[in-house]
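Below: one structure, written as structure tokens.
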Amino acid sequence: MKRTIRDFDWHGKRALVRVDFNVPFERGTTRISDDVRIREAVPTIEHLRGQGAAVVLCTHLGRPDGKRVPAMELGPVVERLSELLGAPVGYVHDAPGDEAKTAAAALAPGEVLMLDNIRFWPGEEANDPDFAASLAALADAYVNDAFGTAHRAHASTEGVAHHLPAMAGLLMEKEITFLGGVLEDPARPLAALLGGAKVSDKLKVLGRLIGHADELFVGGGMAATFLKAQGHEIGASLLEEDLIDFCAETMERAAAASTPVTLPEDVVVAERIKPGVPTSVVGVGEVPADAMILDIGPRTAADYAQRLAAVGSVVWNGPMGVFEVPPFDEGTRTVADAIASGNVVSVIGGGSTAEAVAHLGLADRMSHVSTGGGASLEFLEGKELPGVAALDDV
Ligand code: ADP
Ligand code: MG
């Protein structure tokens, strides 16, 4: 168990809070196109302010690679946060230095200050101990609410935690509770639904889930290599030739571990990935040579949907088809609807699975949609995330 912000007396204290405000912008503008990452951190900030803490926030934005990039300054982010809090948010173009120190020291309880993009300083990604110490000097305690960056050992995600009482924010706590729940004490039966582009991204998570999950369902582009390993012709579908043997072995290991793996029985195919192209539904043994598998078929989708709605919990990583291009979003929609409607604990990996679920308007009906793509995958692989490991145990 990790210490959380509810286990600390914040009265009159200063908190240094690592958030993940790495938000997307409308191309070439300073307009934030999706502010969910900012909104997700508000409960933590409000909790701290409500308990009498002054709040110093720190985030990265983009990849400035250790130098100041004016287009990656945080003006629009500060403005949006201030709107959401209904309170002013101070902003210093500094993180480790005197300007930040002076501004942080001047904060009254409940006031909020944002440091500049932490990746403007090379000490951040290098996890430089002096840089971490200079961050720690800004506050009495450290809070990590940036789950999406927790798989990186940087100064603001890992190093700083060694200098101060270090605890999880409310968003971080929720991530650990739900993702940890999948690995430690899932409501059973536990089903794992894996899709997305490639098998190569899912090798380790497959390894972790076989023998742990009660059932495994495969869809998306990665299904093609599994089907090939079963002896089916897959036409022009995405194939990872070098992983055909791995897929065959995975099926054998799963059988030996009594974890049934279900592959698609029918698929949607087309010759090109474009909206409105002619598509057909074929059995997995009948994929034409010039066609690509771009979605699970309706029989498969209905079967997965029915079975997933009836389990105790589902962990889902990877869309069932090329959901960005209709009609190849149908399979993803059908299973997502069923999971959202069923009486199941639903844990949705971040990245494109979270995107797909949000795009379908179903995010609020899932038990948990992770804010971390790479981080949620590494967590489910069973890796210890440095940003989580560095927090105090209780
Ligand atoms: P994440 O972004 O979470 O890491 P992945 O990169 O593994 O997820 O998978 C997401 C991508 O997989 C989506 O962009 C989707 O279009 C693609 N995809 C899903 N099914 C197929 C398919 N049958 N063929 C090719 N690409 C697919
Ligand atoms: Mg990806």
Tell me if the [atom1] atom of [X] is crowded by more than 12 foreign heavy atoms within 6.0 Å.
X	atom1	value
Glu324	CD	yes
Asp290	CG	yes
Glu79	CD	no
Glu26	CD	yes
Glu384	CD	no
Glu83	CD	yes

Ion pair Asp140/Lys13, N-O distance below 4.0 Å: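 Looking at Asp140 and Lys13, the cut-off is not met.
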
Cationic N near anionic O, under 4.0 Å, Arg37 to Glu40: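 Not counted as a salt bridge, because no side-chain N and carboxylate O are separated by less than 4.0 Å.
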
Solution key, residues 100-114 side-chain donor-acceptor pairs under 3.5 Å, sequence neighbours excluded:
from, atom 1, to, atom 2, distance (Å)
Thr102, OG1, Asp98, O, 2.8
Glu111, OE1, Ala108, N, 2.9

Sequence neighbours excluded, every pair satisfying ring-ring contact (aromatic ring centres under 6.0 Å, His included) that has a member inside residues 22-42: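 Checked against ring-ring contact (aromatic ring centres under 6.0 Å, His included) - neighbours excluded - no pair reaches residues 22-42.
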
Summary of ring-ring contact (aromatic ring centres under 6.0 Å, His included) pairs that have at least one residue in residues 191-237, sequence neighbours excluded: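 ring-ring contact (aromatic ring centres under 6.0 Å, His included) check on residues 191-237 returns Phe217-Tyr304.
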
Test ring pair (Phe, Tyr, Trp, His ring centres under 6.0 Å) applied to [X] - qualifying residues, sequence neighbours left out:
X	result
His162	none
His359	none
Phe120	none

If only atom types and distance count, is the side chain of [X] paired as donor or acceptor with the main-chain N or O of [Y] below 3.5 Å?
X	Y	answer
Ser134	Phe131	yes
Thr353	Ile348	no
Asn317	Gly349	no
Ser82	Val78	no

Results of side-chain hydrogen bond (donor to acceptor under 3.5 Å, both in side chains) for [X] - residues two or more places apart only:
X	result
Glu381	Lys383
Arg272	none
Glu73	Arg68
Asp393	Lys2

side-chain contact (heavy atoms from CB on, under 4.5 Å) partner of Tyr142, chosen from Val17, Leu135, Leu391, Val56: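 With Tyr142 as partner, side-chain contact (heavy atoms from CB on, under 4.5 Å) holds for just one option, Leu391.
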
Testing the basics here: between [X] and [Y], what is the closest heavy-atom pair and its distance to 0.1 Å?
X	Y	answer
Asp214	Pro260	O-CD, 3.1 Å
Leu194	Met320	O-CE, 3.9 Å
Ser370	Phe147	OG-CE2, 3.5 Å
Pro43	Leu170	O-CD1, 3.7 Å
Ile296	Pro264	CG2-CG, 4.0 Å
Ile32	Pro76	CD1-O, 3.6 Å

Remaining members of the apolar cluster that contains Leu238, side-chain heavy atoms under 4.5 Å: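 So far as hydrophobic clustering goes, Leu238 is joined with none.
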
Residues that, via side-chain heavy atoms closer than 4.5 angstrom, fall in one hydrophobic cluster with Met292: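 Met292 shares its hydrophobic cluster with Val268, Ile273, Val277, Val281, Leu294, Val322, Val325, Phe328.
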
Side chain to side chain donor-acceptor pair (under 3.5 Å) between Thr371 and Glu175, intermediate numbers included: CA-CA 8 Å; Thr371 54; Glu175 295 274 8; 2.6 Å; yes

Pair Arg365-Ser341, side-chain donor/acceptor within less than 3.5 Å: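 Yes, side-chain donor-acceptor contact under 3.5 Å.
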
Polar side chain donor-acceptor pair, Thr157 to Arg152, under 3.5 angstrom: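 The answer is no; no qualifying pair exists.
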
hydrophobic_cluster_shared for Leu85 and Trp10, side chain cutoff 4.5 Å: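 Yes, one cluster joins them.
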
Full working for side chain to side chain donor-acceptor pair (under 3.5 Å) between Ser33 and Arg27: CA-CA 9 Å; Ser33 56; Arg27 190 178 278 278; over 6 Å; no

